[in-house]
Amino acid sequence: MTTNTFGEVSWDSSDFGDKKVNSKDLFLRLDDGDNEVRLVTAPYQYLVHRYKKEGDPGFGQKVQCSASHGSCPLCDTGDKAKRRWLLGVIERKKGTYKILDISYAVFGQIQKYAKNAAHWGDPTKYDLNIVVDKNGGATGYYSVQPVPKSPLSATDQDIKDKADLDDLKRRVTPPDAATVQRRLDKINGAVVPGSNGSTVKTAVKSTPAVSLAADEEMDAEFPDYNGTTA
Ligand SMILES: [Zn+2]
């Protein structure tokens, strides 16, 4: 599922890359209450730190870990990266393809159904209702309920066939240490040399490497809830 942005095109081509979806819109934000989805890809795992610059009263920003390249500036500070997963899903409210970014709080529950081969098994064979209870506290914030098995409709199957696995792969590919450092400098508002030779004060509000997911706040509020970290 690639949209050509360069190379040979035909004269009657009307595809000017207008299908480019804003990353923010591509990620599913879970609503309070029911969120029915159908997984259409395997989980894509990545490691991420939550970095808060000094004085940040908020939840900080996600910075992917570069340890697999040999070193990571944030691991060096003693921070432990956490595992998260991206999943391609069909969200049932609008019936569109979305990327769901989950922590272990959700992953672990889906895994239980996946391992329950006698009754559920492969979690792409049925819908899942991810129920968000914002007052549910650490253990009740997310509950994942399976919806009885049903085959994909033709439209579903089409969405599944077109799921951009390369995109998921790219999003979970760890950056190298230098890239992580640049991200940190940016978040810290470090003065970096501008292209015109002058210096540019980088805006503190940099775009996160991976879009924030609905459970960002949750993870920050209950940092010790990640039963399993890398
Ligand atoms: Zn790291």
Side-chain angles (χ1 to χ4, degrees), residues 22-24 26-30 39 41-89 98-111 114 130 138-139 141-142 144 164-193 200-230:
N22 185 328
S23 248
K24 247 168 72 191
L26 189 56
F27 279 78
L28 176 59
R29 293 197 75 93
L30 297 172
L39 310 190
T41 73
Y44 284 71
Q45 180 170 296
Y46 67 102
L47 283 171
V48 70
H49 292 276
R50 180 179 300 282
Y51 178 70
K52 278 171 74 163
K53 73 169 200 160
E54 235 179 284
D56 178 359
F59 298 115
Q61 298 203 44
K62 284 165 66 177
V63 180
Q64 272 180 269
C65 181
S66 62
S68 64
H69 290 287
S71 71
C72 170
L74 283 170
C75 285
D76 287 350
T77 68
D79 190 55
K80 212 165 171 222
K82 285 185 171 144
R83 286 189 294 175
R84 291 187 70 91
W85 297 265
L86 299 183
L87 295 160
V89 305
K98 294 278 183 183
I99 297 174
L100 182 60
D101 182 1
I102 57 172
S103 68
Y104 189 76
V106 172
F107 182 88
Q109 293 189 58
I110 298 175
Q111 199 172 42
I130 303 170
T139 52
Y141 199 98
Y142 297 108
V144 180
D164 194 342
L165 303 183
D166 288 338
D167 176 58
L168 289 175
K169 216 176 287 172
R170 182 181 58 78
R171 288 177 190 277
V172 298
T173 302
D176 60 17
T179 306
V180 170
Q181 190 56 56
R182 275 199 301 276
R183 284 260 305 133
L184 296 179
D185 291 346
K186 229 177 176 179
I187 292 169
N188 291 329
V191 177
V192 294
V200 177
K201 185 95 176 161
T202 313
V204 175
K205 268 195 181 174
S206 60
T207 313
V210 174
S211 295
L212 296 180
D215 56 353
E216 279 301 283
E217 297 79 1
M218 158 74 186
D219 282 354
E221 280 171 39
F222 306 101
D224 57 347
Y225 187 43
N226 261 37
T228 310
T229 52

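Values in this document were obtained by computation on a predicted structure and should not be read as measured data. Order of listing sets the numbers, starting from 1, for every ligand and every atom in it.
- Ionic pairing of D166 and R170 is not present here: no N-O contact between side-chain nitrogen and carboxylate oxygen is shorter than 4.0 angstrom.
- In terms of the ring pair (Phe, Tyr, Trp, His ring centres under 6.0 Å) criterion, residue partners of F107 (sequence neighbours excluded) are, by chain and number, W85.
- Around the Zn ion (ligand 1), the protein contributes the following N, O or S atoms under 2.8 Å, ordered by chain and number: H49 NE2, C65 SG, C72 SG, C75 SG.
- Put simply, CZ on R83 and OG on S103 are 11.5 Å apart, with the number rounded to the nearest 0.5 Å.
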List the atom pairs, donor and acceptor, that lie under 3.5 Å between side-chain atoms in residues 65-72 and the rest of the protein, sequence neighbours left out.
from : atom 1 : to   : atom 2 : distance (Å)
S66  : OG     : S71  : O      : 2.7
H69  : NE2    : P174 : O      : 2.9
H69  : NE2    : P175 : O      : 3.4

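- Side chains of Y46 and K62: a donor-acceptor N/O pair is present below 3.5 angstrom, by distance only.
- Residues satisfying the side chain to side chain donor-acceptor pair (under 3.5 Å) test with Y44, not counting sequence neighbours, are none.
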